[in-house]
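Lettering follows sequence order; numbering is per chain, from 1.
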Protein chains: 2
Amino acid sequence: MPYDPSAFPPFAVTVDLVVLTVRRHALCSLAIRRGEAPFQGRWALPGGFVRADEDLSQAAARELVEETGLCAHDPAAPAQDNGAHLEQLATYGDPKRDPRMRVVSVAHLALAPDLPAPRAGGDASNARWAPVEELLQQGGYGRDGEPVAPLAFDHAQILADGVERARSKIEYSSLATAFCPSEFTVGELRRVYEAVWGVVLDPRNFHRKVTGTPGFLVPTGGTTTRQGGRPAQLFRAGGATLLNPPMLRPEV
Amino acid sequence: MPYDPSAFPPFAVTVDLVVLTVRRHALCSLAIRRGEAPFQGRWALPGGFVRADEDLSQAAARELVEETGLCAHDPAAPAQDNGAHLEQLATYGDPKRDPRMRVVSVAHLALAPDLPAPRAGGDASNARWAPVEELLQQGGYGRDGEPVAPLAFDHAQILADGVERARSKIEYSSLATAFCPSEFTVGELRRVYEAVWGVVLDPRNFHRKVTGTPGFLVPTGGTTTRQGGRPAQLFRAGGATLLNPPMLRPEV
DNA sequence: ATCATAGTCGTCTGCCTGACGATAAACACT
DNA sequence: AGTGTTTATCGTCAGGCAGACGACTATGAT
């Protein structure tokens, strides 16, 4: 059959972002309050249309900068600071996922260190870091006692998939360091694992594991007492990306 | 900003399939010869446009049936036979990946047992199972001495990603059984791992591992000598989907 | 009868993990 | 200055699992 431009239906293609960070010992996601219908006033994941001339990863990186100011880590140039990890998550294309039209959304997952307050087009009240637990509970009540509305569209599913990806990926990769500032202690890294997995880990075994894995951490020589207690060595992320053998997530 | 239908560029959305199987101790992928420009006469992955009223996974399952006659395993009803595993792989949307227009392709990965000859729209000469090694080598010569043209579009990248997904996924899941018929022996399952990973495994340690993992294999009671040698017990896939601890892929 | 092939059961050793004791170095009190 | 608290770090020990490999079994082929 010859090429026929009318043989396919037109789609809108967007990127949505699951931006995760660890704040106050909790795994948090960036959420944006919708200013327009549908789902006006409800919380949603940041995202937007893919432009005609840009790749999907470019679109995701652009949205990330627009929403957070974060520069996505280019895998080819992992040297720069303040860079978040960014990877494609999955694509969602249910015909009814957007009531207005047929939209296919390519969701991306970003892991970022703890940041100052977010901004959404300059309006801070319409963007926030919310614990994923709070965003994912349906029809419950938040910590402030107010009723919690579920996320817009299918964003609860996307967020859940992103969280699950993050949880499994820090098992066998060194990605947990993407949640840390450029220099961090073993204890800070452990608190990242504890927050993402929602478990408590043995500090001694964790220390043995991460310091004993070649290429995972490189000491910077400095120490810090910002967590209180005995001064802790500072490290930065080493070159290794894969953890072998993996970090074991405790059984339920 | 209000909703404006002209605010986004239109895209064509397709699904492409990486259909993998194990034939004659080699990991093979389904390839279709293109009958039209661009890349006319070159091999490509099967795929097609997503219809206006179908979900992405529905489109992938439909293409799979059209190309192979395989029914995709519905995760909710894993009882049926002859069902292939089907999952979303990744989405490819480089603006220049299709010279005709802006196409975003949602690639899916299917794992199937060894099948009779494939068909492509009824024309068997335009569809074949080819060793992935052969499809991925660029500018070399195939086993028959003929020069090998690279796959059309970015399908070499998609195939490589699918193969890598399959290789890593059989480590920590029981998905390798998707390459086997409904009843199989431990040795046949081992040859699947050997073909997908391109390694040689110790039959004794492999046997201990798979029979010692609860829920991985359930004996059917029958035996077979179809591989020669001493009769081997027949098994079918158990209910377990996750392998913990995982099957370890030998170091390079 | 002998051989080749493939399957199955054991043994041993080394590595890694989980559990947990012990020590070290800071700060906050009194 | 001493005492308690907190966090970091080092060590020890037992159990589980994987890799290496020996031994035996049950078929078909010659």
J.: Base, sugar-phosphate or nothing for R191(A)? Non-hydrogen atoms, less than 4.0 Å.
T.: sugar-phosphate
J.: Verify side chain to side chain donor-acceptor pair (under 3.5 Å) between D16(A) and Y92(A), making sure each step is shown before the conclusion.
T.: CA-CA 10 Å; D16(A) 285 326; Y92(A) 301 81; over 6 Å; no
J.: Is there a donor N/O on one and an acceptor N/O on the other, under 3.5 Å, for the side chain of R230(A) and the base of dA25(C)?
T.: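 Answer no: no donor N or O sits under 3.5 Å from an acceptor.
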J.: Let me spell it out: for each of T225(B) and R190(A), pick the nucleotide of DNA chain D with the closest heavy atom. Which residue's pick is nearer the 5' end?
T.: R190(A)
J.: Within less than 4.0 Å of OP1 or OP2 of dT17(C), is there a side-chain N or O belonging to K209(A)?
T.: yes
J.: Any idea which of dA8(D), dT8(C), dC21(D) is nearest the A232(A) side chain?
T.: dA8(D)
J.: Test for a donor-acceptor pair under 3.5 Å between the base of dG22(D) and the side chain of R204(B), counting only N and O atoms.
T.: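 Result: at least one qualifying N/O pair found.
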J.: Between C1' on dC17(D) and CG on L248(B), what's the gap in Å once rounded to a whole number?
T.: 9 Å
J.: Taking CG from L234(B) and C1' from dT8(C), how many angstroms apart are they, rounded to a whole number?
T.: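 Computing the L234(B):CG to dT8(C):C1' distance gives 15 Å.
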J.: Whole-Å distance between dT7(D) P and R226(A) CZ?
T.: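 Going from CZ in R226(A) over to P in dT7(D) covers 14 Å.
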J.: Quick check on E171(A): does its CD atom have over 12 non-hydrogen neighbours (other residues, nucleotides or ligands) under 6.0 Å away?
T.: yes
J.: Specify the separation, in whole Å, of atom NE2 of H207(B) and atom P of dT5(C).
T.: 20 Å
J.: Tell me: CG of N244(B) to P of dA18(D), nearest whole Å?
T.: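 Distance, rounded to whole Å: 10 Å.
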J.: Provide, to the nearest angstrom, the distance between the CD atom belonging to Q233(A) and the P atom belonging to dA24(C).
T.: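 One finds 17 Å between P of dA24(C) and CD of Q233(A), rounded.
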J.: Closest approach to the side chain of N205(A), judged atom by atom: which nucleotide of dC20(C), dG19(D), dT9(D) is it?
T.: dC20(C)
J.: Please figure out whether E188(A) or R208(B) has its closest DNA chain D nucleotide nearer the 5' end.
T.: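 It is E188(A), whose closest nucleotide lies nearer the 5' terminus.
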J.: For the CZ atom of R24(B) and the CG atom of D114(B), what is their distance to the nearest 0.5 Å?
T.: 8.5 Å
J.: Show the nearest heavy-atom pair for residues C180(A) and P113(A), with the distance to one decimal.
T.: O-CB, 3.6 Å
J.: Please report, rounded to the nearest Å, how far the C1' atom of dA18(D) is from the CD atom of E251(B).
T.: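 Atom CD in E251(B) sits about 12 Å away from atom C1' in dA18(D).
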J.: Atom CD of residue position E194(B) - does it have more than 12 heavy atoms of other residues, nucleotides or ligands inside 6.0 Å?
T.: yes
J.: What integer distance in Å separates D202(B):CG from dA6(C):C1'?
T.: 13 Å
